[in-house]
Amino acid sequence: MLTAKLSSQLPLSALRRIHREACHSCFHPLPTCFFHKEGGRTRPHVPSQTRMVERMFHAQSAVRLREPQHFGRRSFSLSAATIVNSAPAPVQPYLRLMRLDKPIGTWLLYLPCTWSIALAADPGCLPDLGILTLFGTGALLMRGAGCTINDMWDKDFDKKVSRTATRPIASGEISRVQALLFLGGQLSLALGVLLCLNYYSIILGAASLSLVITYPLMKRITYWPQLVLGLTFNWGALLGWSAVKGSCDWTVCLPLYVSGVMWTLIYDTIYAHQDKEDDVKVGVKSTALRFQEQTKPWLSGFTVAMMSGLVVAGVNAEQTLPYYAVLSTVAIHLTHQIYTLDINNPEDCWKKFISNRNLGLLLFLGVVAGNLWKEEERPCCKTEEASR
């Protein structure tokens, strides 16, 4: 009676699963369905009604747990972490070493390049898609190379911090020799990308390599490693313009570069507050430890400097109304980010940190919109310039 009542309340899919599991259990080597001898023959022992009800409840629970995986619509994710986890097992440690599963760093390296490329575009024109793609590839490779260098330098430190102890070099998945060979491959590919640019840009790009190599050491020396990271990560603000124009217009590139450095000081100080307790234990330095409870006033000062540099760069690049409208939105975003920041809440720090990707994309769209707003050069002027 109780079994029948229960069966009437269970969904059909659950009853089918229970039936399959009940049948399968009798052939399982474990004594889920045991046997006894009767009249010289071995017959399966039939569990009591109570046992059957109990089994049905357990089976129904199992169905509920497994249902999303085996029934209904499957969720499909194309995230970076999913791609890395789907790669062949021997390759995965190298993909994690270059942080391919955490693309936020690549974005933050790439976005200043996009601002510069878009500012250098001809009036009324979109930025060069080929150069944007080339710089995107370069950002992916150089960010990976930077992470490899960082992990090679920080192997002993990473072992002592729970968040970084599973990194491939610290955990022993990749030896330092293997990492060095992998680094050589990444830098070779990055050099191939750089050689696609003009001579001025090749020299300018090669000059950044010293920053890439020495940055990981700065946390041992100074409380301002975020400043050195800013100098490294925003080199594309110089390189993007030169790739389009053939050389740098320092009246535009320099204030844009300074703005990018200030931006890095903002987001990476926020990021560093996640690790400040571990940093004290390990003995490394950061702006988070330097500023401590005065972090918000410092970040506010960096915001003022960043916005001032963007205004100067916009004026010198003859930007238009959409650009300045977006700058107002960027300023509001940064103000809200800093005002609501909880420096003692790692989860909040992480959310504020990754929100800077959207801020950078918004600024890129503002540059593009401002450039499209400009009056296109008249065809007759273009013809005269071509004849000259």
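- For the side-chain hydrogen bond (donor to acceptor under 3.5 Å, both in side chains) test with Gln226, the passing option among Asp268, Thr269, Thr264 is Asp268; the others fail.
- Applying the salt bridge (charged side-chain N to carboxylate O under 4.0 Å, His left out) test to residues at least two apart or on different chains, none of the pairs has a partner in residues 298-317.
- With sequence neighbours excluded, the residues satisfying side chain to side chain contact (heavy atoms under 4.5 Å, CB included) with Val368 are Ala118, Leu126, Pro127, Phe364, Leu372.
- Residue pairs meeting the side chain to side chain donor-acceptor pair (under 3.5 Å) criterion with at least one member in residues 184-205, sequence neighbours excluded: Thr148-Gln186, Asn198-Ser201, Ser201-Ser242.
- The salt bridge (charged side-chain N to carboxylate O under 4.0 Å, His left out) analysis of residues 90-107, with sequence neighbours excluded, yields the pairs Arg96-Glu173, Arg99-Asp151.
- The side-chain heavy atoms of Ile338 and Thr303, taken from C-beta on, include a pair separated by under 4.5 Å.
- Salt-bridge formation is not detected for the pair Asp156/Lys160: no Lys NZ or Arg NE/NH1/NH2 atom is positioned less than 4.0 Å from an Asp or Glu carboxylate oxygen.
- What you find for Thr133 and Tyr110 is that their closest heavy atoms are N-OH, 4.5 Å.
- Put simply, the side chain of Asp158 does not reach to within 4.5 Å of the side chain of Ile169, judged on heavy atoms.
- Two rings, from Trp107 and Phe233, have their centers 6.0 Å or more apart.
- Annotation: salt bridge (charged side-chain N to carboxylate O under 4.0 Å, His left out) contacts of Glu347 (sequence neighbours excluded): Lys351.
- Inter-residue side-chain proximity for Met306 and Val258 is flagged as unmet; no heavy-atom pair is nearer than 4.5 Å.
- Within the structure, salt bridge (charged side-chain N to carboxylate O under 4.0 Å, His left out) pairs that include any residue of residues 215-233 comprise Asp154-Lys219, Asp154-Arg220 (at least two apart or interchain).
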